[in-house]
Novice: 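Would you mind keeping the following structure in view while I ask a few things?
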Amino acid sequence: MSLDKLFAGTDELHVGKRIGKGGEGEVYALTNLPGYAVKAYLPTVVASREAKIKAMVDANLHSSINTVAFPTKVVVDKKGTFIGFLMRLVAEHKEIHELQTPSSRLRHFPSADYRFLVRTAINVARVFGQVHAASCVIGDINQRSILVSQQATVALIDTDSFQVIQKGQQYLCVVGVPEYTPPELQSQSLKSVIRTADHDAFGLAVAIFQILCMDRHPFSGRFKGSGDMAIEQAIKEFRFAYSIRDTKMQPPPSTVQMADLSPKVRQNFELAFSPQGVGSRPTPTQWISALEELEQSLRPCPNNKAHHYSRATSECPWCRMEQAFGVPMFISHDANAHHVPKGSISDGVGFSFNVVAIEAILNSLTVPAQIKVAIPSPKVSYSPSAEALASASITSDGRLRKVFAVVWGAAAIFMFAAGFPPIVPLISAGIALYLAFSSYSSDNAFLQKYRSTAEKVRGRVQHLQSNSPADAVQTTRTAILEKIEEYKALVSDFKNIETDYNSSRRQQQLDAHLSAHGIRGARIPKLTSGDIASLASYGFTTAYDASRRDVQDAHGIGPVKSANIMAWVNQVERKFLFRTDYTAADRAALQTKRDNIISRQQGCADKLSKLVDQLKQQSKQLNEWMAGNDVQLQQFVEELAQAEADLRQFKIAVPALQPVPPYQPSPPSARRPSSYSSTGGTTRTSFGGSYNSNRTGSSIPSCPVCGSGMRLRTARRGKRAGRQFWGCSRYPTCQGTRNI
């Protein structure tokens with residue numbers, strides 16, 4: 001294939017450097033036509049492409065959508081022989097997988113957060129809709145033909161594979177990637193299949209899933225049945241790994257869950273990947289609506305300002321995944337662009353805000369060490385009730401009835417001893433028993449009423465004490481203390497960033513070197529595109545990922561493929577050269593670490609601001625509660641006073657009211673510094689008395705990589721062999737270290 005003299009119409013093209021290569025041809029920049037490129041087909045396929053390219057040019061498709069690189073002119077050589085086509089050059093765009101894979105996103109899209117990903121997904125759906133509106137079907141959907149810019153705009157390339165209709169003639173799409181091919185077309189020859197927009201809808205749903213879910217494939221997981229389940233087979237059998245249906249598939253661990261997304265997005269995925277969805281899968285327009293709902297529901301994470309997630313879920317999925325993998329999902333490089341709650345960026349501590357003011361608030365608010373509700377006095381003096389007076393008038397005097405009962409009882413004994421007929425002493429005894437028990441029953445009824453009312457008073461006091469706002473105050477207070485400690489640990493991490501970085505610089509450079517080599521695109525024997533998708537679903541996208549964990553954790557990767565991958569990793573590692581001087585990459589890495597800590601510090605500040613407002617409100621409620629009177633308790637006290645008056649009518653001693661022990665509010669967290677702990681006693685006490693703002697005593701540092709706690713370890717080799725250092729508690733998942 002000669003590229004000496006090429007022509008587009010009457011214009012001669014001056015071919016520059018090659019900028020792309022595929023299975024069908026090569027793409028070259030043009031030195032005399034900036035912004036355009038030429039695709040020259042390989043001799044083996046050029047003849048079969050001529051009619052289709054001429055039809056696409058005649059249809060003037062390139063003028064309808066400026067984000068799709070349609071052929072603009074036919075390109076021929078000096079003999080007039082068809083060579084390929086001219087197309088707009090898609091500049092400053094990268095393949096979509098560079099954005100959706102966390103490790104490559106931090107290099108190629110360092111400022112992208114989840115809002116950026118959702119906006120990109122919207123634009124992917126929009127450009128699919130534009131292609132369909134132009135009466136085309138994409139067909140060969142794959143991660144290399146979808147490009148994204150730093151502004152989240154999306155472009156499509158490889159358009160010569162699209163299915164088009166021109167002047168009644170159908171030009172089919174004869175190729176396709178299995179991971180994006182719908183179930184009904186799996187294992188079929190695509191050379192004679194007429195594609196539909198619904199077929200594209202399946203690939204669109206897969207692409208959107210991978211964008212939203214950190215490059216995970218929706219059909220990649222562990223089969224719960226016997227044997228292996230390749231992605232292609234899982235697609236064919238509608239085994240959506242994340243489905244609410246029982247698809248016998250278990251999704252990869254520590255990944256995005258469907259509960260992390262908004263309801264419409266979840267419904268769209270379920271429909272797109274189910275048997276019921278065939279023929280009626282969500283259209284681009286439906287995806288745009290669902291994704292815009294997700295976009296509007298995004299909120300910042302209180303613990304990391306770089307994280308945004310849907311209000312439909314209760315926890316931040318990116319914090320969860322960072323804890324599991326030890327790799328940041330997103331990094332904020334513009335900390336000053338965030339809402340700053342009365343703080344500023346400082347070179348010395350990172351994000352600086354008024355912690356002293358928060359400590360002063362803690363010291364100024366008080367809470368009782370014991371909650372004791374006083375029993376109020378009756379509001380009026382009580383006389384015996386009508387019921388008590390009526391009972392007293394019948395008996396005249398309870399003691400007289402008891403005397404008569406004794407007399408009749410003695411008479412019964414006498415008559416029995418004197419030999420009276422048995423019926424006579426029995427009647428006398430019955431009269432004695434009646435007089436005795438009627439007197440007892442009358443007295444006992446009023447005594448029981450008093451005791452019952454007394455228990456109501458005690459029960460109400462216990463209820464009030466145990467349900468006071470004090471527990472809520474203590475809980476909020478403990479949360480504030482934890483956030484203050486978290487912030488101070490982050491300040492310490494910020495101060496030690498450069499020291500920590502220098503102590504493990506070689507390893508960091510090696511890690512960066514390995515991270516720069518992606519598995520996708522590497523020449524690894526026996527590794528299929530399905531294997532690459534499966535590896536990505538389990539978090540293996542670079543040589544660095546493969547060096548840290550066993551790649552056989554990914555479904556379908558056995559010992560042979562694992563050995564091939566590790567051989568490639570070793571080959572990549574042998575090319576590593578350690579740089580002693582600080583490079584731009586080193587400075588960028590340090591800045592990334594600073595930005596990450598600043599973002600987390602801002603999350604602490606925002607959370608503290610909300611907690612302090614909450615504490616003030618709860619403290620106010622506690623003070624109002626302590627000063628207030630309970631209507632029901634007062635009612636019970638009035639009833640008890642009436643019962644006491646009734647007992648006095650019968651000259652019965654009033655039992656003492658048993659005291660209710662005071663309630664002990666929940667103690668503060670035992671992990672907090674003693675300077676913040678409440679003191680015991682029966683009087684009201686401050687939230688911590690005087691507080692020393694300097695951090696005292698030893699504490700366990702947090703990992704500079706993932707933020708987890710660290711453990712003392714002993715180096716086994718190297719120049720520090722035998723010496724102790726701090727190592728991440730999540731080793732080997734995270735390999736962060738810190739010097740003692």
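Along the sequence shown, residues carry numbers from 1.
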Novice: Determine yes or no for a side-chain-to-main-chain donor-acceptor pair under 3.5 angstrom, with Ser220 supplying the side chain and His217 the backbone.
Specialist: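 Between the backbone of His217 and the side chain of Ser220 there is no qualifying donor-acceptor contact (under 3.5 Å).
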Novice: Do Phe330 and Trp318 have ring centroids that are under 6.0 Å from one another?
Specialist: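 Ring centroids of Trp318 and Phe330 are less than 6.0 Å from each other.
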Novice: Do Phe238 and Phe219 have ring centroids that are under 6.0 Å from one another?
Specialist: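 Aromatic pair excluded; centres sit 6.0 Å or further apart.
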Novice: Distance-only, no hydrogens or angles: does the Arg88 side chain make a donor-acceptor pair with backbone N or O of Ala69 under 3.5 Å?
Specialist: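 Such a contact is absent between Arg88 side chain and Ala69 backbone.
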Novice: Determine whether a donor-acceptor pair (N or O, by modelled atom type, separation under 3.5 Å) exists between the side chain of Asp215 and the backbone of Thr101.
Specialist: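 Not at all, since once roles are kept as given, no pair shorter than 3.5 Å links the two residues.
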Novice: Is the Tyr242-Phe269 ring centre distance short of 6.0 angstrom?
Specialist: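 No, the ring centres sit 6.0 Å or more apart.
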Novice: Less than 6.0 angstrom from the centroid, inside 45 degrees of the normal: does Arg549 satisfy that with respect to the ring of Phe540?
Specialist: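 The answer is yes; both the distance and angle limits are met.
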Novice: side-chain contact (heavy atoms from CB on, under 4.5 Å) between Gln250 and Phe223: does it pass, once the steps are laid out?
Specialist: CA-CA 6 Å; Gln250 180 180 349; Phe223 182 48; over 6 Å; no
Novice: Are Asp140 and Arg195 within salt-bridge range, i.e. N to O under 4.0 Å?
Specialist: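 Salt bridge: no.
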Novice: Roughly how far, to the nearest 0.5 Å, is the CE atom of Met214 from the OG atom of Ser254?
Specialist: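 Ser254 atom OG to Met214 atom CE measures 14.0 Å (nearest 0.5 Å).
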Novice: Evaluate Tyr487 against Phe351 for ring pair (Phe, Tyr, Trp, His ring centres under 6.0 Å), listing each step before the verdict.
Specialist: CA-CA 9 Å; Tyr487 170 76; Phe351 180 70; 7.4 Å; no
Novice: Using a distance-only test with no angle check, is there a side-chain donor-acceptor pair under 3.5 angstrom linking Glu292 and Gln296?
Specialist: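 Side chains of Glu292 and Gln296: no pair found under 3.5 Å.
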Novice: Any salt bridge linking Lys561 with Asp531? Criterion: basic side-chain nitrogen under 4.0 Å from a carboxylate oxygen.
Specialist: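 Looking at Asp531 together with Lys561, the answer is yes, because their closest N to O distance falls below 4.0 Å.
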Novice: Are any side-chain N or O atoms of Gln163 and backbone N or O atoms of Gly139, one a donor and one an acceptor, separated by less than 3.5 Å?
Specialist: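 Checking the backbone N and O of Gly139 against the side chain of Gln163, no donor-acceptor pair under 3.5 Å is found.
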Novice: Counting only N and O atoms by type, is there a donor-acceptor contact under 3.5 Å from the side chain of Ser515 to the main-chain atoms of Asp511?
Specialist: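 Yes, the answer is positive, given that a donor and an acceptor are paired below the 3.5 Å cut-off.
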Novice: Salt bridge or not between Glu184 and Arg281? Use side-chain N to carboxylate O under 4.0 Å.
Specialist: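 Answer for the salt bridge query: yes.
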Novice: Step by step, would you call His132 with Asp200 a side-chain hydrogen bond (donor to acceptor under 3.5 Å, both in side chains)?
Specialist: CA-CA 9 Å; His132 294 164; Asp200 272 2; 2.8 Å; yes
Novice: Short question: side chain of Ser310, backbone of Asp260 - any donor-acceptor pair under 3.5 Å?
Specialist: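 Looks like no, no N/O pair under 3.5 Å.
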Novice: Applying side-chain hydrogen bond (donor to acceptor under 3.5 Å, both in side chains) to His307 and Glu322, what does each step give before you reach the verdict?
Specialist: CA-CA 11 Å; His307 293 177; Glu322 286 182 359; 2.8 Å; yes
Novice: Could you give me the CA-CA distance, side-chain angles and deciding distance for Ser149 and Thr153, then say whether side-chain hydrogen bond (donor to acceptor under 3.5 Å, both in side chains) is met?
Specialist: CA-CA 5 Å; Ser149 73; Thr153 57; 2.5 Å; yes
Novice: So how far is it from Asn596 CG to Gln591 CD, rounded to the nearest 0.5 Å?
Specialist: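 Between Asn596 CG and Gln591 CD, I get 11.5 Å after rounding to 0.5 Å.
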Novice: Which value, rounded to the nearest 0.5 Å, describes the distance between Arg299 atom CZ and Tyr309 atom OH?
Specialist: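 Answer rounded to 0.5 Å: 3.5 Å.
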Novice: Rounded to the nearest 0.5 Å, what's the gap from OG on Ser274 to CZ on Arg245? Could you check?
Specialist: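 One finds 5.5 Å between OG of Ser274 and CZ of Arg245.
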Novice: Closest heavy-atom contact between Leu298 and Val118?
Specialist: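 So the minimum-distance heavy-atom pair works out to CD1-CG2, 4.1 Å.
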Novice: With distance as the sole test, does Arg239 use its side chain to make a donor-acceptor pair with the main-chain N or O of Ala234 at under 3.5 Å?
Specialist: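 It does not hold such a pair.
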Novice: Kindly indicate whether the side chain of Gln210, heavy atoms from C-beta on, has any atom under 4.5 Å from the side chain of His97.
Specialist: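 Result no, sub-4.5 Å side-chain heavy-atom pair not found.
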Novice: Is it true that the side chains of Thr542 and Asp545 contain a donor and an acceptor less than 3.5 Å apart?
Specialist: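 Note: Thr542 and Asp545 side chains meet the donor-acceptor criterion.
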Novice: For residues Thr255 and Arg216, is any side-chain donor paired with an opposing acceptor at under 3.5 Å?
Specialist: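 Yes, a side-chain donor-acceptor pair sits under 3.5 Å.
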Novice: Any chance you could measure Met258, atom CE, to Thr313, atom OG1, to the nearest 0.5 Å?
Specialist: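 Spacing of CE (Met258) from OG1 (Thr313) equals 11.5 Å.
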Novice: Determine, for Glu295 against Arg119, whether the closest basic-nitrogen to carboxylate-oxygen distance falls under 4.0 angstrom.
Specialist: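 Yes, Glu295 and Arg119 are salt-bridged.
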Novice: Under 6.0 Å from the NZ atom of Lys607, do we count more than 12 heavy atoms belonging to anything else shown?
Specialist: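 Check fails, neighbour count at 12 or below.
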Novice: Does Thr181 use its side chain to pair, donor to acceptor, with the backbone of Leu185 at less than 3.5 Å?
Specialist: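 A pair under 3.5 Å: no.
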Novice: What I want to find out is whether Lys248 reaches Asp246 closely enough, with some N-O distance under 4.0 Å, to be called a salt bridge.
Specialist: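 Yes, Lys248 and Asp246 are salt-bridged.
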Novice: Is the shortest side-chain N to carboxylate O distance from Asp586 to Arg505 below 4.0 Å?
Specialist: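 Yes, Asp586 and Arg505 are salt-bridged.
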Novice: Please tell me if the side chains of Phe70 and Asp160 come closer than 4.5 Å, counting only heavy atoms from C-beta onward.
Specialist: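 Sidechains of Asp160 and Phe70: no contact.
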Novice: Would you say the side-chain atoms of Gln186 pair up with the backbone N or O of Pro178, donor to acceptor, closer than 3.5 Å?
Specialist: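 Yes.
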Novice: State which residues pass ring pair (Phe, Tyr, Trp, His ring centres under 6.0 Å) with Tyr501; sequence neighbours excluded, sorted by chain then number.
Specialist: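 Partners of Tyr501 by the ring pair (Phe, Tyr, Trp, His ring centres under 6.0 Å) criterion come out as none, since no residue qualifies.
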Novice: Output yes when a side-chain donor or acceptor of Ser289 lies under 3.5 Å from a complementary backbone atom of Gln286, and no otherwise.
Specialist: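 Pair absent, no side-chain N/O of Ser289 close to backbone of Gln286.
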Novice: Would you call Arg320 and Glu315 a salt bridge, using N to O less than 4.0 angstrom?
Specialist: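 Yes, Arg320 and Glu315 are salt-bridged.
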